[in-house]
Number of protein chains: 2
Amino acid sequence: MFIQIEPQSDVPIYEQVTRQIMEGIARGEMKPGDTLPSVRNLAADLGVNMHTVNKSYHELEEKGIITIRAKSGAIIRSTEERSLTPEQLQQIEKNLKPVVVEGMVLGATVEQIEHMMKKVFSDLQIPVEGV
Amino acid sequence: MFIQIEPQSDVPIYEQVTRQIMEGIARGEMKPGDTLPSVRNLAADLGVNMHTVNKSYHELEEKGIITIRAKSGAIIRSTEERSLTPEQLQQIEKNLKPVVVEGMVLGATVEQIEHMMKKVFSDLQIPVEGV
DNA sequence: GTGATTGTTATATAAACAATATAACAAATA
DNA sequence: TATTTGTTATATTGTTTATATAACAATCAC
């Protein structure tokens, strides 16, 4: 598995797992319909507890990114299934706000933040116009 | 004071204080050289503990946004004093990444995220070209 | 100079959160 | 049928968040 846990990080382990799975999906390493490893298997791979991975999976389900079939497994939803709802857009904006505000206060320009945003895209090897 | 605390929020109180002070600075309601209220006064205003506000002030100092003069007060640093360091730029990018990745996975386009970013700017009544 | 205010430091407590450890259950799968 | 799966439950440990008091020394207003 591509997930690397940093135990010293201020980001909780379950959150690290959630983010790195999202990155894997964004990179195209994991595609809609693909099954995630069982919570026990992934936990064993990462050397963490089963419940920690389970919490991550449920976080992903709440975000609308995967579907957990009880007693079976977790499947990555297709982009159609997870068509961006107004609530999700609002959530993204809510997440974006404090980051942008901090950037502004520190003196970053719109262009600089825009550039960083596109850099995140390109780092994930997703082609973006003008980069 | 313009700060509104939501006790039920999943965002810690000290973090809410930090963010809303940054918003106040971004809006221009508070300018470089201005003094922040004493930790005791602000805590009394908000109905929270002194240490909670103190933690927020130290977070702002660590971010390079204010200067705390021991036994005197906290002052908002000028934009010149806090000229964007490479470390700060890197920090902003680090903060930006998970938000952008989640947006991507949920199916948001670069343009949509860009639009939200500029909306945050305009909501803070900072003039931005092309908005 | 006196007294109030300031950030600092220390200690203590309570609640919530994060993470682990075991264990048992019932549905799904091979 | 036996294994694997997510689910649920209980318990423990450590960290974080938040509050409550208190005392200290530097600063500030009068």
Side-chain angles (χ1 to χ4, degrees), chain A residues 1 3-22 30 33-77 81 95 98, chain B residues 1 3-22 30 33-77 81 95 98:
Chain A
M1 249 275 168
I3 295 177
Q4 187 68 30
I5 297 299
E6 292 180 30
Q8 313 287 15
S9 170
D10 56 333
V11 180
I13 296 177
Y14 78 90
E15 186 67 31
Q16 292 185 42
V17 175
T18 300
R19 289 185 186 180
Q20 292 190 44
I21 289 176
M22 287 197 294
M30 317 188 69
D34 282 357
T35 311
L36 291 183
S38 77
V39 290
R40 283 173 229 253
N41 271 342
L42 183 51
D45 274 12
L46 303 178
V48 301
N49 192 272
M50 182 198 74
H51 297 294
T52 306
V53 174
N54 198 43
K55 188 171 182 178
S56 168
Y57 279 20
H58 279 276
E59 199 187 10
L60 287 166
E61 190 181 37
E62 207 173 332
K63 288 178 187 292
I65 293 171
I66 67 173
T67 300
I68 300 176
R69 288 182 312 181
K71 275 93 187 214
S72 171
I75 300 178
I76 301 174
R77 299 180 74 188
E81 282 177 313
N95 295 339
Chain B
M1 250 273 169
I3 294 177
Q4 188 68 30
I5 297 300
E6 292 180 29
Q8 312 287 15
S9 170
D10 56 332
V11 181
I13 296 177
Y14 78 91
E15 186 68 31
Q16 292 184 42
V17 174
T18 300
R19 290 186 186 180
Q20 291 189 43
I21 289 176
M22 287 197 294
M30 317 187 70
D34 281 359
T35 311
L36 291 182
S38 77
V39 291
R40 284 174 227 254
N41 271 342
L42 183 51
D45 274 12
L46 303 178
V48 301
N49 191 273
M50 183 199 74
H51 297 295
T52 306
V53 175
N54 198 42
K55 188 170 184 181
S56 168
Y57 279 19
H58 279 275
E59 200 187 10
L60 286 166
E61 190 181 38
E62 207 172 331
K63 287 179 189 293
I65 294 171
I66 67 174
T67 301
I68 300 177
R69 288 183 312 183
K71 275 90 187 217
S72 171
I75 300 179
I76 301 174
R77 300 180 73 189
E81 284 176 312
N95 295 340

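All chains are named by letter (A, B, ...) in the order of the sequence lines, taking the proteins before the strands, and each is independently numbered beginning at 1. Since we're looking at a predicted model, the values are computed, not measured.
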message: Need one value for B:Asp10: base, sugar-phosphate or nothing, where a base atom within 4.0 Å counts as base even if backbone is also close, heavy atoms only.
response: nothing

Using OP1 and OP2 only, check whether a side-chain N or O of [X] sits under 4.0 Å from [N].
{"X": "B:Tyr14", "N": "D:dA18", "answer": "no"}
{"X": "A:Lys55", "N": "C:dA19", "answer": "no"}
{"X": "B:Asn41", "N": "C:dT6", "answer": "yes"}
{"X": "B:His58", "N": "C:dG7", "answer": "no"}
{"X": "B:Thr52", "N": "D:dT17", "answer": "no"}

Distance in angstrom units between [X] [atom1] and [N] [atom2], rounded:
{"X": "B:Ile13", "N": "C:dA16", "atom1": "CD1", "atom2": "P", "value": "13 Å"}
{"X": "B:Leu42", "N": "C:dG7", "atom1": "CG", "atom2": "C1'", "value": "14 Å"}
{"X": "B:Leu36", "N": "C:dT5", "atom1": "CG", "atom2": "C1'", "value": "16 Å"}
{"X": "B:Tyr57", "N": "C:dT8", "atom1": "OH", "atom2": "P", "value": "11 Å"}
{"X": "B:Leu60", "N": "C:dG7", "atom1": "CG", "atom2": "P", "value": "13 Å"}
{"X": "A:Gln16", "N": "C:dA18", "atom1": "CD", "atom2": "C1'", "value": "12 Å"}

Audit row: B:Leu36, B:Leu42, side-chain contact (heavy atoms from CB on, under 4.5 Å) steps and yes/no: CA-CA 9 Å; B:Leu36 291 182; B:Leu42 183 51; over 6 Å; no

Testing the basics here: between [X] and [Y], what is the closest heavy-atom pair and its distance to 0.1 Å?
{"X": "A:Met22", "Y": "A:Ile65", "result": "SD-CD1, 3.5 Å"}
{"X": "A:Ile3", "Y": "A:Gln20", "result": "CA-OE1, 3.3 Å"}
{"X": "A:Ile76", "Y": "A:Met30", "result": "CD1-CB, 3.5 Å"}
{"X": "A:Ile66", "Y": "A:Ala74", "result": "CD1-CB, 3.9 Å"}
{"X": "A:Thr67", "Y": "A:Arg77", "result": "OG1-CG, 3.2 Å"}

Can you check nucleotides 12-15 of chain D for protein contacts, nitrogen or oxygen pairs under 3.5 Å, and list what you find?
none

From the options [options], select the nucleotide whose nearest atom is closest to the side chain of [X].
{"X": "B:Val39", "options": "C:dG7, C:dT20, D:dT19", "result": "C:dG7"}
{"X": "A:Asn54", "options": "C:dA19, D:dT8, D:dT5", "result": "D:dT8"}
{"X": "A:Ile68", "options": "D:dT7, D:dA18, C:dT20", "result": "D:dT7"}

message: Taking side-chain contact (heavy atoms from CB on, under 4.5 Å) as the criterion, tell me which of B:Asn49, B:Ile68, B:Thr52, B:Asn54 meets it with B:Val39.
response: B:Asn54

- request: Go through B:Ile21 and B:Tyr57 one step at a time and tell me if the side-chain contact (heavy atoms from CB on, under 4.5 Å) criterion holds.
  value: CA-CA 9 Å; B:Ile21 289 176; B:Tyr57 279 19; 3.8 Å; yes

Sub-3.5 Å pairs of nitrogen or oxygen atoms, protein against nucleotides 23-30 of chain C:
residue: C:dA28; atom: O4'; partner: A:Lys71; partner atom: O; Å: 3.3

- request: Output the distance between atom NZ (B:Lys55) and atom OG1 (B:Thr18), rounded to the nearest 0.5 Å.
  value: 9.5 Å

Stepwise salt bridge (Lys or Arg N to Asp or Glu O under 4.0 Å) test for A:Arg19 and A:Glu15: CA-CA 6 Å; A:Arg19 289 185 186 180; A:Glu15 186 67 31; 3.6 Å; yes

